[in-house]
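Structure, as structure tokens:
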There are 2 protein chains.
Amino acid sequence: MRTTYATKPREQVSAVLRREKRYLSAAEIHAILRKSRTNVSLSTVYRTLDLLAGKGEASARVDERGETTFVVCDQSHHHHAVCNTCGKVEDVSCEAIETVAHALRSHHGFKLADHEMEFFGTCGACR
Amino acid sequence: MRTTYATKPREQVSAVLRREKRYLSAAEIHAILRKSRTNVSLSTVYRTLDLLAGKGEASARVDERGETTFVVCDQSHHHHAVCNTCGKVEDVSCEAIETVAHALRSHHGFKLADHEMEFFGTCGACR
DNA sequence: CCCTAATTTGCGAATGATTTGCAAAATCAT
DNA sequence: ATGATTTTGCAAATCATTCGCAAATTAGGG
């Protein structure tokens with residue numbers, strides 16, 4: 001049978017994401033772990049990130065440099081508000097999207113199945 | 001002085017994007033050109049895509065496989081509705097986003113600076 | 001047109017992030 | 001503890017993208 005083990009390396013990678021609450025690449029996570037004398041191989045960081053993304057516990061995006069980055073987030077459907085100053089990511093629900101979905105159907109004859117949104121700006125703490 | 005030349009290879013790459021109206025990777029464009037016996041090197045396809053994206057004539061996204069893909073689009077700020085069936089991309093303006101911007105500020109104390117949105121569904125032609 | 005200066009192209013080699021194969025180490029249920 | 005199963009770490013392999021540089025193309029004045 002295929003079970004998933006709760007291992008120390010996985011918990012350590014996951015802990016970094018929960019603590020930082022901002023988009024991080026595999027290399028960045030690896031570096032952060034190293035700094036705290038925690039040895040987890042880069043491969044394992046990659047594998048753990050894929051796992052978390054697969055379970056929906058983390059979501060991914062590709063940054064300007066082309067690196068894939070991850071944040072922990074709600075399992076339910078929602079969107080992200082990313083602070084341009086501190087990088088912190090807040091979850092945002094999406095009732096307002098109903099309005100947009102309706103407009104898409106009536107103006108474009110387009111039937112909405114799914115959507116992705118990301119907001120950039122300044123968070124409450126940084127203002 | 002720094003001028004930009006209007007060359008045959010650039011026009012050919014750009015023509016493929018205008019004709020297809022869907023997200024294509026450098027490799028796909030290169031393959032399409034080959035099929036019509038048009039020889040443009042893969043490097044030039046990459047360089048031309050960067051150029052178009054820089055001028056705002058094309059916009060980029062990274063697909064599931066990790067390849068960067070491009071479509072031609074409006075220069076003005078707008079969003080994309082991508083058909084799950086034929087892949088065609090339609091431009092969508094974004095007045096409705098004002099509602100969301102207001103909600104962000106009042107519920108999250110988040111000041112919106114920019115946003116990105118992408119819609120997936122079925123286009124009028126495919127329904 | 002023809003010429004020259006400036007920009008592009010194409011090639012192959014270099015890069016850099018991500019993945020993969022495999023033996024050794026860790027985890028889980030008994 | 002014990003054995004079956006999953007995971008880890010490492011180094012090597014992938015694969016998209018970038019770069020260097022000589023040869024080819026373009027722009028524009030004469």
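Proteins come first, then strands; the chains are lettered A, B, ... in the order of their sequence lines, and each starts at number 1. The structure presented is a predicted model; accordingly, all values stated were derived computationally and were not measured.
- Residues H30(B) and Y46(B) bring no donor and acceptor atom of their side chains to less than 3.5 Å of each other.
- Under the ring pair (Phe, Tyr, Trp, His ring centres under 6.0 Å) criterion, H77(B) pairs with H79(B), H115(B), not counting sequence neighbours.
- Residue-to-nucleotide contacts include no donor-acceptor pair under 3.5 Å from the side chain of R65(A) to the base of dG16(C).
- Around CZ of R34(A), the count of heavy atoms belonging to other residues, nucleotides or ligands within 6.0 Å does not exceed 12.
- Contact annotation for R47(A): base contact, defined as any heavy-atom pair under 4.0 Å involving a base atom.
- Taking five base pairs at each end of the helix from dC1(C)-dG30(D) to dT30(C)-dA1(D), the local helix axes there meet at an angle of 50°, rounded to 10°.
- Using a 4.0 Å heavy-atom cutoff across all strands shown, D63(A) reaches no nucleic acid atom at all.
- For dT5(D), its base sits under 3.5 Å from the side chain of Y5(A) at one donor and acceptor pair at least.
- Annotation: cation-pi geometry satisfied between R61(A) and Y23(A) (NZ/CZ under 6.0 angstrom from ring centroid, within 45° of ring axis).
- OP1 or OP2 of dT7(D) sits under 4.0 Å from a side-chain N or O of R10(A).
- Taking side-chain N and O atoms only, T3(A) has no distance below 4.0 Å to OP1 or OP2 of dT5(D).
- Within the 4.0 angstrom heavy-atom criterion, only backbone atoms of the sugar-phosphate kind lie near T4(A); the bases stay farther away.
- Side-chain contact of S43(A) with R47(A): a donor-acceptor pair under 3.5 Å is absent, judged by distance alone.
- Residue-to-nucleotide contacts include a donor-acceptor pair under 3.5 Å from the side chain of S43(A) to the base of dT20(C).
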